[in-house]
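Here is the structure we will look at, set down as C-alpha cells.
By convention here, the first residue in the shown sequence is residue 1.
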Amino acid sequence: KDGTVLRQYDVPAPSLADDYDWGYVASDGDRLVGSAIRRGAAFRNFWGGSGAGWYDATSGAATLKVCSDNLFAVDKTSGKRAWDYSQGLIINSTITIGGGRVYFFETRNTATVGQSERRLGAAEFWKDQFLVALDAQSGRKLWEQPIDTADGTVLFCLAYGQERLVLLSSGGKEYSVYTYDAATGRSAWQTTLRWRSN
C-alpha cells in the first residue's frame, strides 16, 4: 500500500563463478517464479543504445535475445527455493505460466551455451531449440518438444491462453505464428502474416 520494503531475496544463482541478476519474475500463488541472468545481460537503456527502442528495433544489437541460465521458484514468505531447472539457455521472452505449468523455449546448442554472452542471436542460437513445460508446483519436466521455427531474429515471444501456447517469431518482413497444445506440446496450427507496410 505504501511502498515499504517487506522482504528482499537474492537471485538463486546457478553458479558461484559468475554474478547474476534477476531476469524473469512472476507471482504464481504463494511462490515467485524467476530466472537468473548474468550481470550485464539485461537491457537497461530505454532506447537500446542505437536510437531505436530495444523493444521494437528491427535490426542490430537491440534485437538480441536475453537468455537466462536457470529457472526457479521460491516461497514468497521464506525465500526458500522450491525447485530449480537448468539444462540449456532459456529465452526470457518466451517464459510464460498457465494451467499449472511453466513454459519456455531454450537452446541447447553447445556452442551457444558455452559462450559467456547472454544477449544472443547468431545463426547457431536458433539450432537445437526445445519447447519445454514444467509443473509449476514441483518443477518436474512434464514434456519437451524439439522445434524448428522461423528464426526470431527480430521478435520471438510466447503466450498462453485457453490451453494453447502461441509463439510469434519474426526475422523481418513477416510474422510466423505457431500454436501448440499446452498439455502435450503438440503442434496445433501455424500461419504466416506479412508486416504491415508503412
For this session: Taking the side chain as every heavy atom from C-beta outward, state whether Val66 and Tyr24 have any pair of such atoms under 4.5 Å apart.
Result: no
Exercise. Can Ser35 and Ile95 be said to form a side chain to side chain contact (heavy atoms under 4.5 Å, CB included), step by step?
Worked result: CA-CA 9 Å; Ser35 70; Ile95 304 169; 4.3 Å; yes
Exercise. Are any of the side-chain heavy atoms of Leu165 and Thr179 separated by less than 4.5 Å?
Worked result: no
Seminar exercise, completed: Interatomic distance, CG@Asp75 vs CZ@Arg81, rounded to 0.5 Å, equals 13.5 Å
Exercise. Between Phe105 and Val132, is a side chain to side chain contact (heavy atoms under 4.5 Å, CB included) present by the stated rule, with each step listed?
Worked result: CA-CA 6 Å; Phe105 280 86; Val132 180; over 6 Å; no
Exercise. Can you tell me how far the CZ atom of Arg7 sits from the OG1 atom of Thr77, to the nearest 0.5 Å?
Worked result: 5.0 Å
Seminar exercise, completed: Scanning both residues in full, the closest heavy-atom pair of Gly152 with Lys65 reads O-CE, 2.9 Å
For this session: Locate the shortest heavy-atom distance separating Ala26 from Ile97; write the atom from each residue and the value.
Result: CB-CD1, 4.0 Å
Exercise. Should the pair Arg38-Asp69 be classified as a salt bridge under the 4.0 Å nitrogen-to-oxygen rule?
Worked result: yes
Problem set entry | Pair Arg39 + Asp21: basic N to acidic O under 4.0 Å | yes
Exercise. In the single-linkage hydrophobic clustering (I, L, V, M, F, W, Y; side-chain heavy atoms under 4.5 Å), do Ile90 and Phe125 co-cluster?
Worked result: no
Exercise. Do Phe156 and Trp126 make the cut of ring centroids closer than 6.0 angstrom?
Worked result: yes
For this session: Flag yes if Val74 and Trp83 sit in one hydrophobic cluster, no otherwise; membership is Ile, Leu, Val, Met, Phe, Trp, Tyr, and two members link when side-chain heavy atoms are under 4.5 Å apart.
Result: no
Problem set entry | Over 12 foreign heavy atoms within 6.0 Å of CD, Gln115 | yes
Problem set entry | Arg108 side chain reached by Gln87 side chain, heavy atoms, under 4.5 Å | yes
Seminar exercise, completed: Note: Gly88 and Val113 closest approach over all heavy atoms is CA-CG2, 4.4 Å
Exercise. Roughly how far, to the nearest 0.5 Å, is OG1 of Thr96 from CG of Leu167?
Worked result: 11.5 Å
Exercise. Taking Arg118 for the side chain and Ala41 for the main chain, is one N or O donor matched with an acceptor at less than 3.5 Å?
Worked result: no
Problem set entry | Phe72-Trp22 aromatic ring centre distance below 6.0 Å | yes
Seminar exercise, completed: For Leu120 and Glu117 the tightest heavy-atom approach is CD2-O, 3.7 Å
Exercise. Between Pro14 and Ala36, which heavy-atom pair has the shortest distance, and what is it?
Worked result: CD-CB, 3.7 Å
Exercise. Is there a donor in the side chain of Thr153 and an acceptor in the side chain of Asp151, or the other way round, less than 3.5 Å apart?
Worked result: no
Exercise. Do Phe104 and Tyr85 make the cut of ring centroids closer than 6.0 angstrom?
Worked result: yes
Problem set entry | Linked, directly or transitively: Leu131 and Tyr178 (ILVMFWY side chains, under 4.5 Å) | yes
Exercise. For the ring pair Tyr103 and Tyr160, is the centre-to-centre distance below 6.0 Å?
Worked result: yes
Seminar exercise, completed: One should read off an interatomic distance between Glu174 CD and Leu193 CG, to the nearest 0.5 angstrom, of 9.0 Å
For this session: Answer with yes or no whether the side chains of Tyr180 and Gln190 bring together a donor and an acceptor at under 3.5 Å.
Result: no
For this session: Could you tell me whether the side chain of Asn109 and the main chain of Thr112 form a donor-acceptor pair under 3.5 Å?
Result: yes
Exercise. Among Val11, Leu89, Ile91, Ile37, which one satisfies side-chain contact (heavy atoms from CB on, under 4.5 Å) with Ser68?
Worked result: Ile37
For this session: Spell out, as yes or no, whether a donor-acceptor pair under 3.5 Å connects the side chain of Lys141 to the backbone of Gly139.
Result: no
For this session: For the residue pair Val177 and Thr192, establish whether any side-chain heavy-atom pair is separated by less than 4.5 Å.
Result: no
Problem set entry | Separation between NZ of Lys76 and CZ of Arg31, rounded to the nearest 0.5 Å | 11.0 Å
For this session: Consider only side-chain heavy atoms of I, L, V, M, F, W and Y, link residues closer than 4.5 Å, and tell whether Leu168 and Leu64 are in one cluster.
Result: no
Exercise. What about Trp189 and Val166, same hydrophobic cluster or not, with Ile/Leu/Val/Met/Phe/Trp/Tyr joined at side-chain heavy-atom distances under 4.5 Å?
Worked result: yes
Problem set entry | Smallest separation among heavy atoms of Tyr175 and Ser170, with atom names | CD2-CB, 3.9 Å
Exercise. When rounded to the nearest 0.5 angstrom, what distance separates OG1 in Thr107 from CG in Asp128?
Worked result: 6.0 Å
Exercise. Counting only N and O atoms by type, is there a donor-acceptor contact under 3.5 Å from the side chain of Asn70 to the main-chain atoms of Ser86?
Worked result: no
Exercise. Heavy-atom distance under 4.5 Å between the side chains of Gln137 and Arg101, does that happen here?
Worked result: no
